[in-house]
Number of protein chains: 2
Amino acid sequence: MSRSTPKSRIPVSSRNAAGAGRTAKLGPAAAGRYHHGNLRAELVSAAIKIVDRRGPDGLTIRLVAEQAGVSHNAPYHHFRDKGAILEAASISCINAMVDSLRRRLHRTRGNALDQLICMGVEFVRFAMEHPAEFRLIHRPELRNPRGGCCGDAPTSPVEAAWSNARQLLMEAVRRGQQDGIIRCGDPDMIVLAWWCLVNGFANKVLNFFDDKRCTNAPDPLVSAHALLEHLVNGIRNK
Amino acid sequence: MSRSTPKSRIPVSSRNAAGAGRTAKLGPAAAGRYHHGNLRAELVSAAIKIVDRRGPDGLTIRLVAEQAGVSHNAPYHHFRDKGAILEAASISCINAMVDSLRRRLHRTRGNALDQLICMGVEFVRFAMEHPAEFRLIHRPELRNPRGGCCGDAPTSPVEAAWSNARQLLMEAVRRGQQDGIIRCGDPDMIVLAWWCLVNGFANKVLNFFDDKRCTNAPDPLVSAHALLEHLVNGIRNK
DNA sequence: CAACCCTTGTTGACACTGTCAAGATAGGCT
DNA sequence: AGCCTATCTTGACAGTGTCAACAAGGGTTG
């Protein structure tokens with residue numbers, strides 16, 4: 001009930017992500033001006049900074065505003081509510097994560113299986129290097145309005161950002177199947193297994209994972225590699 | 001870091017003499033009696049009820065107190081702060097989850113591999129039937145004071161509750177290895193893979209999982225079964 | 001039995017949060 | 001010029017977690 005305010009006070013123009021095709025100057029951020037010029041983007045980056053420092057739960061609209069140097073209500077002209085800020089920050093983080101996966105993919109010389117392993121390790125590394133952001137992008141309260149589902153209908157922006165990651169993996173799996181090194185079958189299922197394994201492991205590393213760190217596997221990335229080899233052995237064409 | 005309130009007010013009686021001439025209005029609530037008798041347990045169950053109804057974020061100390069029929073500050077005599085209530089509720093939920101895993105295990109006739117599959121499906125089922133509780137028990141902000149690590153030192157109560165689940169799985173894996181149906185190797189690693197897969201899948205089902213539900217796999221439990229068979233094929237002794 | 005004290009409950013208060021309402025300002029439009 | 005609208009401001013309010021002080025009652029001790 002606490003977040004049931006459909007009354008949008010946001011001007012329609014600012015709903016379009018990243019005001020494209022504007023003739024405004026938006027040169028240097030211009031600190032002392034009444035109209036900020038690029039506040040929305042700055043709020044998002046401020047939010048990410050705060051999440052990094054104090055965790056997703058430590059994020060406060062008023063803190064974000066303060067960090068951006070505006071009054072505590074200025075954000076409401078760019079985001080409907082706190083959830084919308086979280087959502088925008090999440091999308092930014094998801095994109096960063098997908099980018100790092102993609103870069104890793106392009107740097108990997110081996111076959112599709114090697115690529116799957118490398119991307120998995122990269123995913124875990126991202127989680128370890130940006131734990132707060134990793135937790136942020138997995139928050140269930142992010143809007144995912146279960147709306148357009150089957151037919152590529154308009155999904156939520158968060159959903160769209162995630163689908164980029166899925167696409168990267170799907171392509172790798174399909175490529176592996178075409179090359180004959182990954183056995184046939186629903187690629188969706190393989191991606192799903194990859195995703196669950198990697199994601200579950202990253203979560204575990206961030207949450208309750210003292211035991212592995214203490215006994216024999218000093219580096220979670222090594223464990224991640226082993227786990228992924230496990231998976232890869234299962235889908236390899238024999 | 002964010003929740004560092006070492007100032008415990010719990011057992012410290014507020015021994016202040018002060019004005020003895022006041023007469024307070026007699027117990028407004030509390031079902032008649034001033035001293036509840038079993039408030040702590042009732043607070044925990046009230047908290048779980050609220051989490052079920054409004055999600056972990058919807059839980060409020062004042063709501064918990066109201067649901068239990070006491071004043072908004074009564075919980076502070078049983079829990080240090082809100083986090084402690086969450087923690088107690090989590091432990092209760094984790095125990096419930098472990099119990100259902102154990103029951104499922106005892107009802108399974110097959111070998112260790114079958115048991116691992118059945119427990120995995122059961123885990124996903126628990127997540128689907130109690131999504132709020134499932135999310136609750138995975139909250140990273142639950143106390144896990146990274147303290148006693150290697151030598152079975154006193155860990156957090158939450159950690160202890162989780163370790164029961166791990167023990168169930170470890171036993172199954174070891175049994176399978178003794179029976180020769182699970183290949184040799186670090187059982188820890190196998191449990192880890194099982195855990196990551198099942199946990200990641202359950203998370204995915206609860207969060208962003210419209211696609212599978214719409215295309216070809218109507219029931220997530222079927223997908224879970226397929227995934228677990230995948231895993232089991234990887235660890236089977238050949 | 002009375003005196004006492006500790007645990008458990010109560011009310012009151014405070015700072016902080018998300019959000020609404022209404023006023024102020026600036027840049028672009030007619 | 002004068003106005004329009006998006007943007008930013010101050011002000012207010014209900015909820016929240018938590019601290020402080022006070023009250024009731026059961027148990028312990030004389």
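As a basis for the values below, the full set of heavy atoms in this structure was taken, side chains included, without hydrogen atoms, waters or symmetry mates. In what follows, every chain begins at residue 1, and chains take the letters A, B, ... in the order their sequences are listed.
For A:Glu171, the side chain to side chain contact (heavy atoms under 4.5 Å, CB included) partners two or more places apart in sequence, or in a different chain, are A:Gln167, A:Arg175.
As a whole-Å value, the separation of A:Asn38 CG from D:dC8 C1' is 15 Å. Taking atom NZ on B:Lys82 and atom P on D:dG15, their separation rounds to 16 Å, with Å as the unit. A straight line from CZ of A:Arg40 to C1' of D:dC8 spans 17 Å, rounded to a whole angstrom. For the pair A:Tyr76 OH and D:dA6 P, the computed distance is 20 Å after rounding to whole Å. Across the protein-nucleic acid pair, A:Leu43 atom CG and D:dT7 atom C1' stand 12 Å apart, rounded to whole Å. Rounded to whole Å, the distance from CZ on A:Arg80 to P on C:dT19 is 11 Å. When rounded to the nearest whole Å, the span between CD of A:Glu66 and C1' of C:dG18 equals 16 Å. Between the CD atom of A:Glu42 and the P atom of D:dC8 there is a distance of 10 Å, given to the nearest Å.
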Is there any protein nitrogen or oxygen under 3.5 Å from a nitrogen or oxygen in nucleotides 11-14 of chain D, and what are the pairs?
| from | atom 1 | to | atom 2 | distance (Å) |
| --- | --- | --- | --- | --- |
| D:dG11 | O6 | A:His72 | NE2 | 3.2 |
| D:dG11 | O6 | A:Asn73 | ND2 | 2.6 |

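When each of D:dT9, D:dT18, C:dT8 is scored by its nearest atom to the side-chain atoms of B:His77, the top-ranked nucleotide is C:dT8.
Looking at A:Asp57 and A:Arg139, a side-chain N of the basic residue comes within less than 4.0 Å of a carboxylate O on the acidic one, giving a salt bridge. Comment: A:Asp188 engages A:Arg166 in a salt bridge, judged by a side-chain N to carboxylate O separation of less than 4.0 angstrom.
Using a 4.0 Å heavy-atom cutoff across all strands shown, A:Thr60 reaches sugar-phosphate atoms only and no base atom.
Checked by atom type, the side-chain pair B:Asn199/B:His138 shows a donor-acceptor distance below 3.5 Å. For the residue pair A:Arg62 and A:Gln67, no side-chain donor N or O sits within less than 3.5 Å of a side-chain acceptor on the partner.
A sub-4.0 Å separation between OP1 or OP2 of C:dG9 and a side-chain N or O of B:His78 is present.
Among residues at least two apart or in separate chains, side-chain hydrogen bond (donor to acceptor under 3.5 Å, both in side chains) pairs with a member in residues 41-52 of chain B are B:His36-B:Glu42.
Each of B:Ala74 and A:Leu59 was assigned the nucleotide of DNA chain C with the nearest heavy atom; the assignment lying further toward the 5' end belongs to B:Ala74.
Put simply, the side chain of A:Arg135 gets close to the backbone of A:Leu206: a donor and an acceptor are under 3.5 Å apart.
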